[in-house]
Amino acid sequence: MSTLTATPELNDLAEKVWSSQRLTFEDGVRLFRTRDIHTLGELANQVRLQRHGRQTFYNINRHINYTNYCVLRCKFCSFYRPYNNEPRASARAEISGIEPILPVIPSRGLKPAAPSDSYELSVDEIVRLAEQAASDGATEVHIVGGLHPKLPFDYYLDLCRGIQSVCPKLHIKAFTAIEIIHFTRVSRPRRTIRQVLEELRAAGLGSLPGGGAEIFDDRVHDEAYKNKVGEEGWFDVHRAAHELGMYSNATMLYGHLETIEERVQHLVKLRDFQDESLAGRAAHFNCFVPLSFIPDGSELRHLPGPDGLDDLKTLAVSRLMLDNFPHIKSFWIMHSPKLAQVALDWGVDDLDGTVVWYDITKREGAGTRHQQLTVAQLQRLVVEAGYQPIERDSLYQHVPRTSMMK
Ligand code: SF4
């Protein structure tokens with residue numbers, strides 16, 4: 001019998017974890033509901049230590065959100081702006097390094113338009129941001145945006161080609177599954193998912209982020225993001241990517257309308273899919289990123305959102321359930337740097353990166369888009385927690401540096 005568990009409650013699950021037996025759906029629900037949180041954290045930590053020792057991964061990256069116009073209105077989202085001839089350049093000046101190119105144009109009317117924070121970036125602006133990131137030492141740009149009703153498929157191809165032509169070594173991780181499906185609809189002639197991915201890859205796309213998964217459940221889908229592509233479409237995109245040899249990540253947006261059972265079911269579906277990719281496809285998921293719902297500014301702002309303990313439990317249960325995922329990430333933008341640091345003892349081995357700018361969520365609602373940790377700050381978080389910081393590239397290869405990054 002284990003001496004590690006604080007109470008006998010989780011002894012049987014501890015035995016399963018130590019003997020590398022797969023946990024069931026029921027086991028996952030029990031782990032979420034346990035009061036023995038110390039054992040839960042320690043079990044997740046043991047798995048993390050077995051896989052990665054004390055190594056903790058981060059990268060030097062730059063997130064770019066090319067537009068916040070979106071044809072959908074997901075209830076949990078505070079990022080989207082409807083497309084209705086509002087001034088389009090007003091937010092550009094707030095994007096680092098971007099001078100406003102267009103003046104703020106009053107909407108066709110007679111009265112001046114209200115100030116708007118809707119925006120879209122031109123391909124040139126995005127390429128300039130990527131160039132700046134590369135000169136600051138970034139190895140990756142992470143590019144996602146809303147579902148813009150007017151931008152043609154060529155815009156996304158040009159964006160990848162433009163970055164690749166000036167920064168050939170910069171890895172382009174871009175476009176969630178929902179954006180890829182949007183491209184199949186706006187392309188002329190219409191492309192299949194596979195064709196979209198092949199053309200983007202030929203233009204320079206390196207891998208896919210994991211966003212847009214939300215919760216794989218019809219009830220939650222219908223209540224919170226009814227018009228968005230559901231799990232079938234999300235998996236179709238990642239299946240096609242893995243078949244083409246393109247790696248991707250997976251996410252779960254938790255802490256809104258879903259139950260604990262629906263969270264665990266989401267994890268089981270991802271684990272089953274990863275089994276298939278590992279067995280028969282040319283690529284697989286590299287990393288799982290649980291995204292903590294931030295209610296501020298969304299239609300679901302009356303909900304409290306997850307607290308710190310829920311964040312830690314979700315990360316730990318994810319580590320234990322997803323036994324075929326190499327990495328579990330705490331995205332510090334959503335968890336906060338302080339909680340992400342604690343999470344290193346709860347199954348997490350990756351902290352994302354320097355990020356720099358992030359439009360999609362801002363803590364405290366009206367917080368700034370400039371959300372950056374320097375390399376020194378990331379390394380300090382890791383070292384103070386007793387771990388070893390390792391700079392990685394987008395595919396988790398070690399990045400050797402001859403000089404210290406700040
Ligand atoms: S979550 Fe994505 S698809 Fe949904 S409204 Fe926001 S930007 Fe649009």
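Order of appearance sets the numbers: ligands from 1, and atoms from 1 within every ligand. Here, residue 1 is the first one in the sequence, and each next residue gets the next number.
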For [X] and [Y], test the side chains for any donor-to-acceptor distance below 3.5 angstrom and give the result as yes or no.
X	Y	answer
Y119	N65	no
H171	T139	no
E125	Y66	no
T24	D27	yes

Could you check [atom] against the protein and tell me its nearest heavy-atom contact, residue, atom and distance included?
atom	result
atom 5 (S) of ligand 1	C74 N, 3.3 Å
atom 3 (S) of ligand 1	C70 SG, 3.6 Å
atom 1 (S) of ligand 1	K228 NZ, 3.5 Å

#### Entry: Under 2.8 Å: N/O/S of C77 next to atom 6 (Fe) of ligand 1
yes
### Min heavy-atom dist F76 to ligand 1 below 4.0 Å
yes
### Query
So, does L72 sit close enough to ligand 1 that a heavy atom of it is under 4.0 Å from the ligand?
yes
### Task
Measure the CG-CG distance between L381 and L344 for me, rounded to the nearest 0.5 Å.
8.0 Å
### Query
Got a second to check how far R263's CZ is from K313's NZ, nearest 0.5 Å?
9.0 Å
#### Entry: Sub-4.0 Å atoms of ligand 1 with respect to non-hydrogen atoms of Y80
5 (S)
